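Input: a single structure, listed below in structure tokens.
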Amino acid sequence: MFALVDCNNFYASCERVFRPDLIRKPVVVLSNNDGCVIARSNEAKAIGIPMGAPAFEYEMLLKKYNVHVFSANFALYGDMSQRVMSILSEYAPDMEIYSIDEAFLKLDNFEKFDLQSYGQEIQRRVVKWTGIPVSVGIAPTKALAKAANRIAKKFPEKTESVYLINSDDKRIKALKWLKIEDVWGIGRQHGKRLIAKSVNTAYDFTQLDDAWVKKNMSIMGLRLKHDLQGVPVLDLEVPQPKKNIATTRSFEKNYTEFEQIKERVTTFAVSCAEKLRHQHSCCNTMMVFIHTNGHRKDLTQYSRNIVVKLPFPTNSSIELAKFATQALEKIFRNGYCYKKAGVIVMDFTPEDQKQIAIFENSNPKHIPLMQAVDRINDSFGQQKIKLASQDLHKVWKMKQEKLSQRYTTDINEIISIHV
DNA sequence: TCTGGGGTCCTAGGACCC
DNA sequence: TCTGGGGTCCTAGGACCC
């Protein structure tokens, strides 16, 4: 059996832990630059604020219903996530952290356990120890655990936030209830195609012909079908080193000058280099892109990317920043209002298995230098040491007007209680 | 004026090899 | 008139997840 434990409205719930006055009130969390709604409390959902809603378009509605708005505080969410995961890890020998707010537990050899009450114990402990409400779905396969979780979330009173699928009757009942477009692995495109074919529920999907599913939805669709039929084909996944690493950002305002974008792209390359060193990889290829604001139909649009094969594998901030700047020079054009840029590194080799090139190689002096930089930035805070080509004055270049404190990760921002 | 960021996997088709 | 068979590698595009 698998359990899927999923935090309810995670980012909004994190904010509420430190603002208990907001419990049962509408809360939303915005994306970087305070752009879109990326998390909503149930109350905010009820008002009719959709996922991804541009904040400026919903300003009236947010005001009218007195919705509490927060800028994204990823330092807080990341730390709260670790706390939740460390509690969950106590409940099963094997666990897969599936995303920042959900984890699969593998409940093998739990035959003697009453899984319903086991789920409830997990649910109660997480909320008691962290303040984060969770829902638990338990079923014989991962896809069914996802479905069970949806039921637990949809009917919190009736299920006490835990739903167990442990018979074929319950499996079929759940699948007949679950709309096809809400099935894990069925996105917008497949959802549309299936509805056109009169496949309206997860159950209908399990009745389809294997060959049709494989042909139209690839092997992934077929695996999903079997998993929903109760034949486990999806197992826990072990964390793998990343195959691509990206740092991309929208700008707070439009940039028109090369120097402004160069500073951003340098910073993104340095960030990619840090992430590469963190997983002990070097990259052989880099992509740099820039583009104007696609939503602004009144401005001339420009969008380009360039893929650069590096002369040698590296994870040095200095070298990657240099390559990124050279790439940017090739694609930058004057006369446009740029809104977004990014650096993506790919094609990795392990740090300790670098192929030596004939003519040019990564500067070996950078290895101890980067180690020193990482150590200093780890202990004294991010970006204490930067390249001169980065902005040396500003650390944060985003609009974040409603940022809450980093209650759990910065001693200066710890919660204070007034008596 | 204002519209996020970061990932994964699969498949078909083209280019190439012998 | 008639033009083989069996591979690999790479890339772009499409789909999905949170």
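Bear in mind the structure is a predicted one, so any value in this text is a computation, not a measurement. The chains referred to below are lettered A, B, ... by the order of the sequence lines, with proteins before strands, and numbering in each begins at 1.
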Response to the item:
Rounded to whole Å, CZ of A:Phe74 lies from C1' of C:dC18 at a distance of 11 Å
What are the atom names and distances for every N/O pair under 3.5 Å that joins the protein to nucleotides 10-15 of chain B?
none

Worksheet item: Can you tell which of B:dG6, C:dC17, B:dG4 lies closest to the side chain of A:Trp184?
Response: C:dC17
Worksheet entry | Trace of the side chain to side chain contact (heavy atoms under 4.5 Å, CB included) decision for A:Arg223 with A:Met220 | CA-CA 5 Å; A:Arg223 281 189 204 139; A:Met220 308 287 273; 3.8 Å; yes
Fill in: Atom-pair distance (CG on A:Leu62; C1' on B:dC2), nearest Å
13 Å
Practice prompt. May I ask you to verify if any side-chain N or O of A:His190 is less than 4.0 angstrom from the OP1 or OP2 atom of C:dC16?
Written response: yes
Item to complete: Please state the C1' separation for the pair C:dG4 and B:dC17 - nearest whole angstrom.
Response: 15 Å
Worksheet item: Rounding to a whole Å, what distance do you find between A:Leu61:CG and B:dT3:P?
Response: 20 Å
Practice prompt. Scan A:Asp101 against the nucleic acid and name what it touches under 4.0 Å (heavy atoms): base, sugar-phosphate only, or nothing.
Written response: sugar-phosphate
Worksheet item: NA contact type, A:Ile186, heavy-atom cut-off 4.0 Å: base, sugar-phosphate, or nothing?
Response: sugar-phosphate
Worksheet item: When all nucleic acid strands are considered with a 4.0 Å heavy-atom cut-off, which category describes A:Lys339: base, sugar-phosphate, or nothing?
Response: sugar-phosphate
Worksheet item: With a cut-off of under 6.0 Å to the ring centre and 45° to the axis, is A:Lys158 in cation-pi contact with A:Phe155?
Response: yes
Worksheet item: NZ of A:Lys242: more than 12 outside heavy atoms within 6.0 angstrom?
Response: no
Worksheet item: Are any of the side-chain heavy atoms of A:Asn315 and A:Met370 separated by less than 4.5 Å?
Response: no
Discussion item. How bent is the helix from B:dG5-C:dC18 to B:dC18-C:dG5, measuring the angle between the end axes built from five pairs each, rounded to 10°?
Written reply: 10°
Worksheet item: For the pair made of CG in A:Asn32 and P in B:dG6, what is the distance, rounded to whole Å?
Response: 8 Å
Worksheet entry | A:Lys153 and its side-chain hydrogen bond (donor to acceptor under 3.5 Å, both in side chains) partner, picked from A:Thr159, A:Asp6, A:Asn9 | A:Asp6
Practice prompt. Using a heavy-atom cut-off of under 4.0 Å over every strand shown, decide if A:Glu59 touches base, sugar-phosphate, or nothing.
Written response: nothing
Fill in: Under-4.0 Å salt bridge between A:Arg83 and A:Asp79
yes
Discussion item. Please tell me whether A:Tyr338 and A:Phe251 form a close aromatic pair, meaning their ring centres lie under 6.0 Å apart.
Written reply: no
Item to complete: Rounded to the nearest angstrom, tell me the gap between atom CE in A:Met287 and atom C1' in B:dG5.
Response: 13 Å
Item to complete: May I ask you to say what A:Ile245 touches in the nucleic acid, namely base, sugar-phosphate or nothing, with a heavy-atom cut-off under 4.0 Å?
Response: sugar-phosphate
Worksheet item: If we only count heavy atoms from C-beta on, is the A:Met1 to A:Leu115 side-chain gap below 4.5 Å?
Response: yes
Discussion item. What is the distance, to the nearest angstrom, from the CG atom on A:Asn8 to the P atom on C:dC18?
Written reply: 15 Å
Practice prompt. Check whether any side-chain heavy atom of A:Leu175 sits under 4.5 Å from a side-chain heavy atom of A:Thr206, and report yes or no.
Written response: yes
Worksheet item: Is NZ or CZ of A:Lys340 both nearer than 6.0 Å to the six-membered ring centre of A:Tyr255 and within 45° of the ring axis?
Response: no
Worksheet entry | A:Asn33 side-chain N/O to B:dC2 phosphate OP1/OP2 under 4.0 Å | no
Worksheet entry | A:Phe110/A:Tyr91 aromatic ring centres below 6.0 Å | no
Item to complete: Could you tell me the separation between the OH atom of A:Tyr11 and the P atom of B:dG6, rounded to a whole number of Å?
Response: 12 Å
Item to complete: Name every residue in residues 137-150 of chain A that has at least one heavy atom under 4.0 Å from any atom of DNA chain B, in order of residue number, or write none if there are no such residues.
Response: none
Worksheet entry | Below 4.0 Å: OP1/OP2 of B:dG6 and any side-chain N or O of A:Thr248 | yes
Worksheet item: Roughly how many Å is it from NZ in A:Lys253 to P in B:dT3, rounded to a whole number?
Response: 13 Å
Worksheet item: Is there a side-chain polar atom (N or O) of A:Lys399 under 4.0 Å from OP1 or OP2 of B:dT1?
Response: no
Practice prompt. On DNA chain B, check which nucleotide each of A:Arg296 and A:Lys275 is closest to and give me the residue with the more 5' one.
Written response: A:Arg296
Worksheet item: Which nucleotide sits closest to the side chain of A:Asn254: B:dT3, B:dC2, C:dC18?
Response: B:dC2
Worksheet item: Do A:Lys154's NZ or CZ and the ring of A:Trp177 fall within the cation-pi criteria of under 6.0 Å and 45°?
Response: no
Fill in: Salt-bridge present (A:Lys142, A:Asp227; N to O < 4.0 Å)
no
Discussion item. Heavy atoms from C-beta onward define the side chain here; which of C:dC17, B:dT3, B:dG5 lies closest to that of A:Arg249?
Written reply: B:dG5
